[in-house]
Amino acid sequence: MQLREFIKECHQRDVFKHLSIYVVSGWVLIQVFSEIREPFGLPKISMTYLLLVLIAGFPFYVYLIWRYRLKPSEQDSDRSNHLKVVMREDIEKEGNRPVKSKKHLPGIQFYSPFQKMYFAFLTVIFLISLGSVSWIVRANFITEPDPGAFTFPVEERNDKVAVLSFENNTMNADLDVVGKMAVDWIIHGITQNEMGQVISPKVLEQYNTVMKASMVSDDENSILTEVLKPGKVITGKYYLSNGKLLIQCVILDGNMNETLETIEPVSCPTDSPLECIEELKQRLLGSLLGDERWTYYEEEPPNYEAYKMILEAENVDNTDPEYLRIMNEAIALDSSYFEPKMHRITYYYNIEEFAKTDSLIQALARDDLKGSRQKNIVKLWNALVRGDNKKAFTYLKKEYNWEPDDLNNNSSTMVVALQFVNRPEAVDSIYNKQLAMEKIDSLNCLTCEYRFYTKGMADIALGKPEVPIEMYGKYGAVKEFYWVKDVLLYAYVRTGQRDKIDEILTTVKLTGNTNIWRDKCLLLGKQFLLQGKKEASDAYLDLLLGSFDLSDAELKEVEMEQKAMAHFYKGDFPIAVRFFEELVEVDPDDIDNNAFLAMSLWKTGRTEKAEEVMEKLERLRTDYQYGAIDYARARYFASTGDADLTIQHLIRAVAAGKRYNPGTFQDDVLMRPYKEMDAFKNVLTFWH
């Protein structure tokens, strides 16, 4: 039977009519179910079950059409064709002839052309249905961590809690600090008891500053409800009544259109606001916990004046001596106050006084810390200062999980993943977990810049340079954003787009200072050399060298170093020796310049002098260098071609805390001959 004839006969026998009844009925059922699902409290997965039933039932419905609609008429019309003529000799004859009769052949069935074609299509429909069901089951159940094959999975719980600024209705600006302290103390209680992820007013302010105006409505709370999407929102106000301070707050749903619970107001003397704040926190946490049992590891509220000093320090750079003075004064007012002690550690770490940092961490670790978050932070800092990068990443992930929407927190976790433990694949998941980034006006988000840089460098490390080009290509033609421009230069080198590289260099030269432009030229020289393209490398190094108008005697230290590096990577080692000797004379303890001097000397055949420099370099070894000496020695042995000593010192360096920064390890030109060695790959996965 031809396909056209089959379709015509299906039409005549109302097959398409019956099929359309199933399809239309199924579609109506899906639409109705989608509307009534939520009122009946059914989970989203119930729609998947309905779809599975409809798809799986379709081939059976097609068979039932045959069984009860088509088969009877098929048998009636073709019954005579299923019989065979035989001679009956046991009955009377008509004249001289025997009477003919018909009977079924035993065990033999006869199929019409229409029936064969119908069941062929039924087989195809069955296979398509089976494939669709398998795909849906795999996507929704098998690939899930806890599929629960025949149960309704529990929908993901939204445990984000937004704590908004408390409104000061006292008409006294001096009491603004009360609202800030109430918010901080409530957040502290939520995180200490691991009751959810917190969205603080600081996080909300970050997004309010950098959010694309077109992506949210004019409502001041739209960023919260449309982007950050908490499960609950805590807000409150405080005012004066009969000479006392009254504080009240409410718990709203995530859309801020329903009050879930009103917390009983608390009151206290105006000169003792901490009494109110502490009592309010306890009542609020009790409401959030409901009937759950919990152990309340409470810490004493800080001294009020000390707390105000910490708030005042928010606008002071954390490497400014004024910042340290404020922290010391706050600690003097309240010796049990945890926050200024941590800020003081941050100050010394940032100015690279690691011995002092370590001493303060050990002193803090000896304190009677009761809060889980405080203990975790102390462990984090202890791992950082000791160069134990794997532990640092572990503790930082815990801190990140407490407040994942904080852009700085998110950025720090990405940096540690990439540069401390060399896990570029982890960077992508951390970056993408912050879904609100797609709605941020990135060109207005300077705090996002290093985040973009880390994400881009991770993609490049994974061999995907086209990703940062697509995401950050627009930064090539704007002012500043030099970190992101570095990412683009890395990517364009790997994709061979010299025209795009030159456009970025032109933008930097017109909008930045000359030293920044020279740094970009040096970066390009090294990156092209890393790709084995010496001609392109020399072109950008020559561009850098040609930009100096002053005599060598008039060069600043940074300019002299740029020139020395350019000659080294061009292979002009005698000239490089002269510049590095001058740099070492200026700063005899500079590890990198000593190492490059030794390598340049060795390249010019002055091996004994090179060994003397390396012996001097070894004498510079002290605590808290995080593998700097061993990495310098690895570079030296790499340049001399000693693979064993190169790997040996690389392992020592990374074990001591050497970071996988740009320009080191797999991104180091000097390590290029060793990148495919298994031992070198083991160095890259040391902390995995």
Side-chain angles (χ1 to χ4, degrees), residues 1-78 109-159 225-226 229 231 253-255 432-433 435 438:
M1 174 177 279
Q2 297 294 324
L3 178 61
R4 180 179 300 176
E5 296 174 355
F6 174 74
I7 294 174
K8 182 179 180 180
E9 191 164 347
C10 284
H11 183 73
Q12 291 173 346
R13 298 190 184 196
D14 292 333
V15 173
F16 296 133
K17 176 182 176 181
H18 294 300
L19 292 179
S20 64
I21 291 174
Y22 187 92
V23 173
V24 173
S25 299
W27 177 255
V28 172
L29 183 59
I30 290 173
Q31 297 303 310
V32 172
F33 189 80
S34 65
E35 294 296 327
I36 68 172
R37 182 183 62 79
E38 289 191 15
F40 277 90
L42 296 174
K44 292 180 179 179
I45 196 67
S46 57
M47 181 65 78
T48 303
Y49 283 101
L50 175 60
L51 190 60
L52 283 172
V53 171
L54 292 174
I55 293 175
F58 187 66
F60 292 100
Y61 178 77
V62 175
Y63 172 75
L64 292 176
I65 293 175
W66 166 261
R67 179 69 178 80
Y68 294 104
R69 294 285 182 181
L70 303 178
K71 185 177 180 181
S73 61
E74 184 81 3
Q75 288 177 333
D76 292 341
S77 63
D78 296 337
Q109 296 180 346
F110 295 87
Y111 299 103
S112 69
F114 176 80
Q115 183 178 357
K116 292 179 181 179
M117 184 73 78
Y118 189 90
F119 276 88
F121 273 94
L122 177 57
T123 302
V124 173
I125 292 171
F126 176 78
L127 293 175
I128 294 174
S129 177
L130 181 63
S132 300
V133 169
S134 301
W135 183 78
I136 293 174
V137 169
R138 185 181 298 109
N140 289 273
F141 303 109
I142 297 177
T143 58
E144 293 292 317
D146 296 306
F150 298 101
T151 60
F152 287 122
V154 178
E155 290 191 74
E156 184 179 355
R157 177 185 174 186
N158 185 349
D159 62 348
T225 59
E226 297 176 23
K229 298 180 180 179
D253 71 324
N255 294 320
N432 289 327
K433 190 173 182 179
L435 299 178
E438 64 185 20

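For clarity, every value in this text was computed on a predicted model and none was experimentally measured.
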* **Trace of the side chain to side chain contact (heavy atoms under 4.5 Å, CB included) decision for F6 with V15** => CA-CA 11 Å; F6 174 74; V15 173; over 6 Å; no
* Taking all non-hydrogen atoms of both residues into account, name the closest pair between S129 and I55 and its distance. => OG-O, 2.7 Å
* Indicate yes or no for a side-chain donor-acceptor contact from Y61 to the backbone of H18 under 3.5 Å, with no hydrogens or angles considered. => yes
* Asked: So, does S25 use its side chain to make a donor-acceptor pair with the main chain of I21 at under 3.5 Å?
  -> yes
* Euclidean distance, L51 CG relative to S132 OG, rounded to 0.5 Å -> 9.0 Å
* Asked: Is the shortest heavy-atom distance from the side chain of K8 to the side chain of R4 under 4.5 Å?
  -> no
* Asked: Between atom CG of L50 and atom CG of L29, what is the distance when rounded to the nearest 0.5 Å?
  -> 5.0 Å
* When rounded to the nearest 0.5 angstrom, what is the spacing between CZ in R67 and CD1 in I65? -> 14.0 Å
* With a 4.5 Å heavy-atom cut-off, do C10 and F114 have their side chains touching? -> yes
* To the nearest 0.5 Å, what is the distance between CZ (F16) and CD1 (I7)? -> 5.5 Å
* For the residue pair Y22 and G57, what are the closest heavy atoms and their distance? -> OH-C, 3.5 Å
* When you look at CZ of F60, are more than 12 heavy atoms from neighbouring residues, nucleotides or ligands closer to it than 6.0 Å? -> no
* To do: Supply the atom-to-atom distance L122 CG to Y63 OH, rounded to the nearest 0.5 angstrom.
  => 9.0 Å
* Measure across Y118 and L70 and return the closest heavy-atom pair with its distance rounded to 0.1 Å. => CE1-CD1, 3.6 Å
